[in-house]
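Heads up: the structure comes next, in structure tokens.
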Amino acid sequence: MTRRRAKVAAVGTYVPERVVTNDDLSLNLDTSDEWIGTRTGIRQRRIAADGQAASDLGAEAARRALKAAQAQPGELDMIITASLSPDMLFPATASLISGLIGAGSPAAFDISAACTGFIYALAAGESFIASGRADKVLVVGAEAVSKMIDWSDRATAVLFGDGAGAVLLEPASGEGEGIIGFDLGNDPAGAAELSLPAGGSRLPASQETVSGRQHFLRMNGREVFRFATRIVSESARRVVEGHGLRMEDVDIFIPHQANIRIIDVAARKLGFEPGKVFSNIERYGNTSCASIPLCLDEAERQGRLRKGDLVLMTGFGAGLSWGSCLARW
Ligand code: UT7
């Protein structure tokens, strides 16, 4: 029996209104627009309002994806949310989003794979559709990372931004369309390089964890950079060649938006001319699980992602984890 294919039927995104530029950050931090721009490609990012959590951003992106698909919240069989800044450890942000959009009682759960989460969540959703256990799955990457940032740490504060993107997965109908396959992996040797140390069962919240600023994201930027510049091209190549295709067949490459230098290195290693590589990091910074769907939405609106195109998406992040997805749009 052939596997039932899943396709992305619609995309919806939402970013908070507040724009914070590099110059704004340099008012309170020893940094500059020049440093941030040349080292990362970021010029500005969106920052969630006080009281605005990941589920609020995710719910708005979800509503927009459903509207684009002309589907009702009550038709969903499942909501999967990927986030490294969930509202709470539990319940799942997906169940909160389900309530906010009035979806009734679909299955709802979260994926924890840091910035790779969106690709892992797509893979989970695709598997439920392929097995016939679900027909309509909403995959949401939702991040209010700004709430997890130590705003006195210039090494991390300048990198991240908030936002959300949702895709509606449905069984594919057209010949050859839909998700072709995935490459997923994780290297636990790098677990300490990027983490939010406290607040879980390893280091429960205490006076010490608060005064030691252990409830904020911590990163060894150089190590993660080294990992990313290796893994993005390796994983991308595996998923393309593993399905009997060539890099030249890819119409558009959408990598996780963490640093323009990582994107440029990967594109060069893979032999992509700049026109095939999509980036909007300049305006949003690193939005973790939201970065790939934010790019999908913009690429489609700009006419750079069209029906029938072969799209390659690659994410990476804490774990250290990685994931690529190849799809015929
Ligand atoms: O999605 C999750 C995955 N995360 C990533 O992919 C991030 C990967 N890492 C990176 O993107 C880069 O490593 C960073 C952008 C984080 C840092 O860039 P870098 O070129 O690796 O800089 P560096 O850490 O080697 O630091 C160079 C210098 C240091 O000063 P010294 O020691 O040379 O005097 C830093 O203290 O830049 C300094 N520095 C800054 N200066 C101004 C670090 N952050 C800043 C800053 N503004 N914001």
Side-chain angles (χ1 to χ4, degrees), residues 20-45 54 82-85 111-121 141-146 148-165 185-187 190-197 216-236 254-267 279-282 284-295 313-324:
V20 174
T21 65
N22 294 344
D23 285 333
D24 294 334
L25 290 180
S26 52
L27 296 176
N28 297 311
L29 271 178
D30 180 15
T31 190
S32 64
D33 179 49
E34 207 271 326
W35 191 96
I36 304 168
T38 52
R39 298 286 180 130
T40 72
I42 300 165
R43 294 285 169 197
Q44 61 180 53
R45 70 285 294 142
S83 183
L84 58 67
S85 53
I111 295 266
S112 169
C115 300
T116 320
F118 180 75
I119 299 288
Y120 271 77
E143 298 286 10
V145 199
S146 63
M148 271 71 180
I149 294 295
D150 179 351
W151 287 100
S152 66
D153 174 18
R154 69 176 182 175
T156 52
V158 303
L159 303 175
F160 294 91
D162 299 334
N186 181 72
D187 176 7
E193 310 298 359
L194 179 49
S195 68
L196 195 156
F216 294 121
L217 180 153
R218 288 191 177 175
M219 178 170 68
N220 180 344
R222 279 183 205 181
E223 275 311 310
V224 178
F225 190 93
R226 216 188 313 266
F227 163 75
T229 48
R230 176 176 63 80
I231 205 67
V232 174
S233 54
E234 285 180 9
S235 174
I254 300 190
H256 169 48
Q257 308 284 302
N259 188 320
I260 196 69
R261 288 154 55 212
I262 295 173
I263 295 172
D264 288 345
V265 170
S279 175
N280 58 14
I281 190 170
E282 195 182 16
Y284 300 118
N286 179 348
T287 57
S288 184
C289 294
S291 80
I292 290 175
L294 281 171
C295 287
M313 302 164 247
T314 300
F316 59 88
L320 293 168
S321 57
W322 67 86
S324 291

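One-based numbering, in listed order, for ligands and for the atoms of each. FYI, side chains are in, hydrogens and waters are out, and symmetry mates aren't considered; it's all heavy atoms of this structure.
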Q. Between Glu143 and Thr287, is any side-chain donor less than 3.5 angstrom from a side-chain acceptor?
A. no
Q. Any N or O on Gly317 sitting closer than 3.5 Å to an N or O of ligand 1?
A. no
Q: Go through ligand 1 atom by atom and flag the ones less than 4.0 Å from a non-hydrogen atom of Arg261.
A: 18 (O), 20 (O)
Q. What residue and heavy atom of the protein are closest to atom 22 (O) of ligand 1, and at what distance?
A. Arg39 NH1, 3.4 Å
Q.
Can you name the atoms of ligand 1, numbered from 1 with element, that are less than 4.0 Å from a heavy atom of Cys115?
A. 1 (O), 2 (C)
Q: Could you tell me whether atom 34 (O) of ligand 1 has a protein heavy atom closer than 4.0 Å?
A: no
Q. Short N/O distance, under 3.5 Å, between Ser32 and ligand 1?
A. no
Q. When you check the side-chain N and O atoms of Asp150 and Ser152, is any donor under 3.5 Å from an acceptor?
A. yes
Q) Any side-chain donor paired with an acceptor under 3.5 Å for Ser279 and Gln257? A) yes
Q | Under 4.0 Å to a heavy atom of Thr40 - the qualifying atoms of ligand 1, by number | A | 15 (C)
Q: Pick one of side chain, backbone, both or neither for how Thr156 approaches ligand 1, counting any non-hydrogen atom pair under 4.0 Å.
A: neither
**Q.** Nearest-contact summary for atom 1 (O) of ligand 1 - protein heavy atom, Å
**A.** Asn286 ND2, 2.7 Å
Q: Check ligand 1 against Arg222 and write out every atom of the ligand that is under 4.0 Å from a heavy-atom position of the residue.
A: 13 (O), 21 (O), 23 (P), 24 (O), 25 (O), 26 (O)
Q: Name the closest protein heavy atom to atom 11 (O) of ligand 1, giving the residue it belongs to and the distance to 0.1 Å.
A: Asn259 ND2, 2.7 Å
Q: For Ile262, take its heavy atoms, then give the atoms of ligand 1 lying under 4.0 Å from any of them.
A: 6 (O)
Q | Trp35, portion touching ligand 1 at heavy-atom distance under 4.0 Å | A | side chain
Q: Among all protein heavy atoms, pick the one closest to atom 16 (C) of ligand 1 and tell me residue, atom and distance.
A: Leu159 CD1, 3.9 Å
(Q) Heavy-atom distances under 4.0 Å decide this one: backbone, side chain, both or neither, for Thr31 against ligand 1? (A) both
Q. Do Gln44 and Thr21 get their side chains close enough for a donor-acceptor pair, meaning under 3.5 Å?
A. no
Q | Polar contact flag, side-chain donor to acceptor under 3.5 angstrom, Asn28-Arg154 | A | no
Q) Closest non-hydrogen protein atom to atom 9 (N) of ligand 1, residue and atom name please, with distance? A) Gly221 O, 3.0 Å
Q. Is there a donor-acceptor contact under 3.5 Å linking the side chains of Asn259 and Thr40?
A. no
(Q) Applying a heavy-atom cut-off of 4.0 Å, say which part of Ala228 lies close to ligand 1: side chain, backbone, both or neither. (A) neither
Q: Taking only heavy atoms of Ala258 into account, list the atoms of ligand 1 that are under 4.0 Å away from them.
A: 1 (O), 5 (C), 6 (O)
Q: Check each atom of ligand 1 against the heavy atoms of Val158 and keep those under 4.0 Å away; list them by number with element.
A: 48 (N)
**Q.** Closest candidate by heavy atom, reference atom 4 (N) of ligand 1, pool Met219, Glu193, Gln257, Glu223
**A.** Met219
**Q.** Nitrogen or oxygen of His256 less than 3.5 angstrom from that of ligand 1
**A.** yes
